[in-house]
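For reference, the structure is listed below as structure tokens.
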Amino acid sequence: MGRGSRKAAVVGVALSDCGRADDATPYALHAQAARRALADAGLDRAVVDGFASAGLGTLAPVEVAEYLGLRPTWVDSTSVGGATWEVMAAHAADAIAAGHANAVLLVYGSTARADIRAGRRTGTLSFGARGPLQFEAPYGHTLIAKYAMAARRHMIEYGTTIEQLAQVAVQARANAALNPEAMFRDPVTVDDVLSGPMVADPFTRLHCCLRSDGGAAVLLAAEEYVRDCRTAPVRILGTGEHVSHAAMSEWPDFTVSPAAVSGRLAFERAGVTPADIDFAEIYDAFTYMTLVTLEDLGFCVKGEGGAFVEEGRLLVRGGELPVNTDGGGLSAQHPGMRGLFLLVEAVRQLRGEAGERQVRTRDGGLPRLGVASGTGGWFCSSGTVVLARD
């Protein structure tokens, strides 16, 4: 985790108002989530000397820190898409271990849904046509088409079926039904998923994440601050990060995500194996992301993800490995770079604060180990964090 000896723990987590926030600004959602995370920890803003933010402002995170009234002496603006926050959590833990920061606040907020509704922006079809992307953009290679091509490759290579991919959406929605904060909670069936409008073959609408507003915040602190917190600490045991490619032509294998590297590193550094994990929070902008990440983290053999998910293993209630326990980006919320929401949900599960969707071990106890794995771009980057309850 770093060369220093201090341990880092997550001591505060929170979400801002999520779902539909037509009257809020992204800055307001950042502030709301940050205030709630500090209140969750029971710590004053004055203890925060480290700050991490990405995705907002001309000089992110300078503008957001100013808006929050912070003057940090350690800062991180790493931006690798949806994996940003797992990578930032790793950097923050290392900074705390090395003595470069005492308390680091990670915060995110977005009005992605409201902006489209108000005409302030359009849907994200492409990240642009500069650099290596210039060789793909002229062919209409949209963002979702990249994910769809990867899913189709997996289907061809391993016989994965569209019904198996649909099961990911069905089970995510079943988990969301237990989450009062989820944007969509009504049950869906495999037939519902398959009969929806086509977005990018093989993905129909319910194979794709929703678009929402919302924010999240996570506060990490050095071990000497833990005794002053109102919450039980959740330790960061191990982390891993990896970047794979920018251009699809440089991706060696569409069926292997960068989580294959970040996950291996995180588990090795944590001193645990996938078999030890009680639940997983996985970035799920599309159903295929969940399936292939489960394989690459080692929860099942490569190519067997389809068979793994179709047996209800992802369910909070009765599932062998509950995945995306809040409903994930497919059903709970997805305001953009959703990786920070994975960490919030993982911590809530480990602290036993998840209400109806609380994961229980076979003996009825609280989970001890969880993993959060974020993916950025079109499987371009990955960050994986193993967390533990004391």
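Each residue takes its place number in the sequence, starting with 1.
Using a cut-off of 4.0 Å between Lys/Arg side-chain N and Asp/Glu carboxylate O, E223 and K7 are scored as not salt-bridged. A salt bridge between R173 and D186 is absent, with no side-chain N of the basic residue lying under 4.0 Å from a carboxylate O of the acidic one. Using a cut-off of 4.0 Å between Lys/Arg side-chain N and Asp/Glu carboxylate O, R20 and D213 are scored as not salt-bridged. Using a cut-off of 4.0 Å between Lys/Arg side-chain N and Asp/Glu carboxylate O, R235 and D390 are scored as salt-bridged. Under a 4.0 Å N-O distance rule, the pair R389/E353 does not qualify as a salt bridge.
Sorted by first then second residue, the ring pair (Phe, Tyr, Trp, His ring centres under 6.0 Å) pairs that include residues 307-327, not counting sequence neighbours, number zero.
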Side-chain donor-acceptor contacts of residues 47-57 below 3.5 Å, not counting sequence neighbours, with atom names and distances?
residue	atom	partner	partner atom	Å
D49	OD1	N102	N	2.9
D49	OD1	A103	N	3.0
D49	OD2	N102	N	3.1
D49	OD2	N102	ND2	3.2

Anything under 3.5 Å between a donor and an acceptor, one on a side chain of residues 252-265, the other on a protein residue two or more places apart or in another chain? List them.
residue	atom	partner	partner atom	Å
D253	OD1	T255	N	2.9
D253	OD1	T255	OG1	2.7
D253	OD2	T255	OG1	3.4
S257	OG	A259	N	3.2
S257	OG	D296	OD2	2.7
S262	OG	S382	OG	2.7
S262	OG	T384	OG1	2.8

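Residues that satisfy the ring-ring contact (aromatic ring centres under 6.0 Å, His included) test with H207, not counting sequence neighbours, are F203. In this structure, the side-chain contact (heavy atoms from CB on, under 4.5 Å) partners of E311, at least two apart in sequence or on a different chain, are R313. In this structure, the side chain to side chain donor-acceptor pair (under 3.5 Å) partners of Q333, at least two apart in sequence or on a different chain, are R338.
The shortest non-hydrogen separation linking V323 to T290 is CG1-CG2, 4.1 Å.
Ring orientation note: the planes of Y147 and F286 are tilted relative to one another, at an angle of 30° to 60°.
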